[in-house]
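Worksheet: the structure to be examined is printed underneath.
These numbers come from a predicted model, not from an experiment. When a residue number appears, it is its place in the shown sequence, counting from 1. Note that these values count all heavy atoms, side chains included, but never hydrogens, waters or copies made by symmetry.
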Amino acid sequence: MSTEYGIAGKKYLVTGASSGIGQATAIAISKLGGRLVLSARNEERLNQTYLKLEGEGHFIVPHDLTELDGIKSFVRKCVAVDGQAFDGLVFSGGAGKLQPIRAITLSDILHVMHLNFCAYALMLKEFSSRRVLNNGGSIVALSSRAAAYPGKSNGAYAGSKSAMDAISEVAAQEFVSRQIRVNTIRPENTDTPLAARFFSTISPEAKKELYPLGALVTDDLCDLITFLLGDLSKKITGQHIYISAGNFGSSIDYLI
């Protein structure tokens, strides 16, 4: 077990832990000796993640983050599983679909904003408490390339991720007196079930041209997330780190 990261023995909440990046991140944290509270809507799939974890001291607390009124009690339950405050939060998962502005509805906008921004903002509020997050903790949220390079049909999704990034900068400034760091990651499309449609519609040649360093996989994001959670990044806060895979923000509209 590596002690270099400074994660061993510390407690982390990972949302969206039932699949994809959230699941892979939880497994990576467990391999570094971290203790986990796993959360997502689907308890059965959370149990599948739980079985893949290394070490002990892990818990499952299912919750649907679109139920905004329940976030305060949800976080309290997560603390109460062992009576200890957290050392970090990974806000993973999210919602969004491709829709041109002419077709978008208020319901579509609210659905995306509730999960990608409102839930995150309320989680930040709860994690501002000393009873929830220890001094020196780290918060990492999964944003998107769309926050920096919004494309066609990305209006609501890009807006929600831009809002996520903005409030993260505010939180970084407000929490810094307690040595708490807040950062977001803006990955290019990552080869997960959520992006299966995208990767199934482009040729190997187009993929290589778009991502000369190779398309992102979950391990690429886990490496950065664990770095940002741990002691190796102790002076980094208020940043939005773009994982380009060599793309440099080129449009992907022609591929969609």
Side-chain angles (χ1 to χ4, degrees), residues 15-23 39-42 45 63-71 74 89-125 139-171 182-203 206-207 210-211 215-216 218 221 240-245 247-256:
T15 70
S18 60
S19 64
I21 297 165
Q23 181 184 75
S39 186
R41 291 177 296 180
N42 190 311
R45 288 165 61 185
H63 183 71
D64 183 349
L65 286 175
T66 61
E67 297 177 6
L68 301 179
D69 290 340
I71 285 179
F74 159 64
L89 163 68
V90 179
F91 190 89
S92 182
K97 63 181 179 179
L98 295 172
Q99 282 184 305
I101 290 173
R102 60 180 171 76
I104 206 166
T105 66
L106 176 60
S107 177
D108 296 326
I109 295 169
L110 292 177
H111 175 68
V112 173
M113 290 298 292
H114 276 177
L115 183 54
N116 294 353
F117 174 69
C118 297
Y120 176 58
L122 292 174
M123 289 288 286
L124 286 175
K125 178 181 179 179
I139 296 171
V140 182
L142 266 293
S143 182
S144 169
R145 79 180 304 274
Y149 307 107
K152 295 176 182 178
S153 300
N154 248 190
Y157 181 73
S160 69
K161 292 298 186 178
S162 296
M164 167 187 278
D165 286 353
I167 199 171
S168 295
E169 289 187 38
V170 174
V182 185
N183 296 285
T184 71
I185 297 173
R186 293 172 170 173
E188 280 285 336
N189 280 303
T190 305
D191 197 355
T192 65
L194 191 63
R197 178 181 174 276
F198 170 79
F199 284 107
S200 69
T201 57
I202 63 173
S203 68
K207 184 190 295 187
L210 188 63
Y211 300 127
L216 294 179
T218 54
L221 274 65
H240 317 299
I241 302 175
Y242 174 44
I243 311 182
S244 71
N247 183 28
F248 303 109
S250 298
S251 173
I252 61 173
D253 289 342
Y254 73 98
L255 295 170
I256 294 174

Do M123 and T15 come close enough that some side-chain heavy atom pair is under 4.5 Å?
yes

Output the distance between atom CD (Q99) and atom OG1 (T105), rounded to the nearest 0.5 Å.
6.5 Å

Qualifying residues under side-chain hydrogen bond (donor to acceptor under 3.5 Å, both in side chains), relative to N42, sequence neighbours excluded
none

Using modelled atom types only, decide if a donor and an acceptor are shared between the side chain of T190 and the backbone of E188 within a distance under 3.5 Å.
yes

Listed partners of F117 passing ring pair (Phe, Tyr, Trp, His ring centres under 6.0 Å), at least two apart
none

When rounded to the nearest 0.5 angstrom, what distance separates CG in L110 from CG in L115?
12.5 Å

List the atom of S92, the atom of G22, and the distance in Å for their closest heavy-atom pair.
OG-N, 3.3 Å

Pairwise distance CD1(I109) to CD1(I104) - rounded to 0.5 angstrom:
4.5 Å

Do you know the tightest heavy-atom contact between S18 and A40?
OG-CB, 3.5 Å

In chain order, what residues pass the side-chain hydrogen bond (donor to acceptor under 3.5 Å, both in side chains) check against E169, with sequence neighbours excluded?
H240

Not counting sequence neighbours, which residues clear side-chain contact (heavy atoms from CB on, under 4.5 Å) with S39? List them please.
L13, H63, F74

Point-to-point distance, once rounded to the nearest 0.5 Å, from CZ of R41 to CG of L65
9.0 Å

Which pair of heavy atoms, one from S153 and one from P100, lies closest together, and at what distance?
OG-N, 3.5 Å

For the residue pair L216 and N189, establish whether any side-chain heavy-atom pair is separated by less than 4.5 Å.
no

How long is the straight-line distance from CG of L142 back to CD1 of I21, given to the nearest 0.5 Å?
5.0 Å

Just jot down the side-chain contact (heavy atoms from CB on, under 4.5 Å) partners of S143, sequence neighbours excluded, or say none.
A147, K161, M164, D165, T184, R186

Is there side-chain contact between Y149 and N247, with at least one heavy-atom pair below 4.5 Å?
no

Any side-chain hydrogen bond (donor to acceptor under 3.5 Å, both in side chains) pairs touching residues 110-121, not counting sequence neighbours?
N116-S160, Y120-S168

